[in-house]
Amino acid sequence: MSATFSGGCQCGAVRFRAGKVGRAGYCHCRMCQKAFGSPGAALIETPVASLAWTRGRPAEFRSSAVVARGFCAACGTPLYMLEDGWTRYDMAMAAFDDPAALPAPDHAVGVESKLPWFDRLHTLPARRTDEDRSAGDLAQLKSLQHPDRDTQSGPERRS
Ligand SMILES: [Zn+2]
Ligand SMILES: [Zn+2]
């Protein structure tokens, strides 16, 4: 899939742009659970050659002998995993500015570690944020998250 997909971490210190993405999948493995602090991770193949870091650079943690995981050192957002010698990142789909515009995951891996309630999530009683919070509440909840688009300035000054 060829287009331009931008993204970045929650604070905006690290921003990227991908010129091309491939297949997307969902990983339930224990390492993705830890790295993302979540049930698992939606990841999308992104050729290393097509990815530009447009602001800042990720820090890396080696989670195994052959895998590095990139994240923002300022805010901790997980950004990718990269196996030694591979020419593609597995990028964190939700770190993109418009995750819904990416191809949907079409396979799952690491299912031996899938949490027992994962397959029931869509059956839970569900509410929108504005059903839990009043308009006044929402007005006070000023987001400090970097907006889902490229900006001129870094995390300290954004417009
Ligand atoms: Zn950050
Ligand atoms: Zn994994």
Side-chain angles (χ1 to χ4, degrees), residues 1 4-122 129 141-159:
M1 188 170 181
T4 300
F5 302 99
S6 62
C9 65
Q10 189 169 29
C11 79
V14 178
R15 297 279 304 161
F16 62 82
R17 194 168 304 141
K20 199 174 171 190
V21 295
R23 261 183 105 186
Y26 195 90
C27 186
H28 294 273
C29 88
R30 188 63 190 130
M31 284 205 183
C32 283
Q33 289 178 358
K34 272 286 189 189
F36 285 76
S38 80
L43 300 166
I44 188 159
E45 297 174 358
T46 306
V48 169
S50 83
L51 192 105
W53 297 104
T54 55
R55 185 193 295 153
R57 289 291 181 277
E60 283 191 347
F61 171 70
R62 293 191 68 84
S63 57
S64 79
V66 296
V67 172
R69 290 176 180 270
F71 63 97
C72 173
C75 71
T77 302
L79 296 168
Y80 64 80
M81 58 174 285
L82 178 62
E83 196 156 335
D84 290 348
W86 287 26
T87 56
R88 62 169 170 81
Y89 294 100
D90 283 321
M91 294 293 294
M93 292 181 74
F96 283 79
D97 290 332
D98 187 2
L102 297 168
D106 63 7
H107 64 288
V109 294
V111 295
E112 69 283 356
S113 302
K114 189 196 288 187
L115 290 175
W117 42 259
F118 185 87
D119 288 333
R120 297 197 307 272
L121 286 177
H122 70 285
T129 304
L141 286 175
K142 182 174 159 23
S143 173
L144 301 178
Q145 177 167 293
H146 187 274
D148 280 329
R149 59 183 166 77
D150 289 324
T151 56
Q152 290 304 311
S153 53
E156 58 292 329
R157 276 183 59 239
R158 58 177 91 88
S159 54

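As the structure lists them, so they are numbered: ligands from 1, and atoms in each ligand from 1. Just so it is clear, the values below take in all heavy atoms, side chains as well, and ignore hydrogens, waters and symmetry mates. Computed from a predicted model, the values in this text were never measured in an experiment.
Salt-bridge check for D150 with R55: failed, with every basic side-chain N at 4.0 Å or more from each acidic carboxylate O. Using a cut-off of 4.0 Å between Lys/Arg side-chain N and Asp/Glu carboxylate O, R149 and D98 are scored as not salt-bridged.
Between D97 and the choices H146, R15, R17, the side chain to side chain donor-acceptor pair (under 3.5 Å) rule is met once, by R15.
Using a 4.5 Å heavy-atom threshold, the side chains of C32 and R69 count as touching. Residues M31 and S64 have side chains in contact (heavy-atom distance under 4.5 Å, counting atoms from C-beta outward). For the pair P103/V21, a side-chain contact is recorded, criterion being any heavy-atom separation below 4.5 Å from C-beta on.
Between Y26 and F118, the distance separating the two ring centers is shorter than 6.0 angstrom.
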F36 and F71: ring-ring contact (aromatic ring centres under 6.0 Å, His included), yes or no, with the steps? CA-CA 10 Å; F36 285 76; F71 63 97; over 10 Å; no
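Ring geometry for W53 against Y80 counts as tilted: the plane angle lies between 30° and 60°, on a 0 to 90° scale.
Annotation: protein N, O or S atoms under 2.8 Å of the Zn ion (ligand 1) (waters excluded) comprise C9 SG, C11 SG, C72 SG, C75 SG.
Only protein atoms were considered; those of element N, O or S under 2.8 Å from the Zn ion (ligand 2) number 3.
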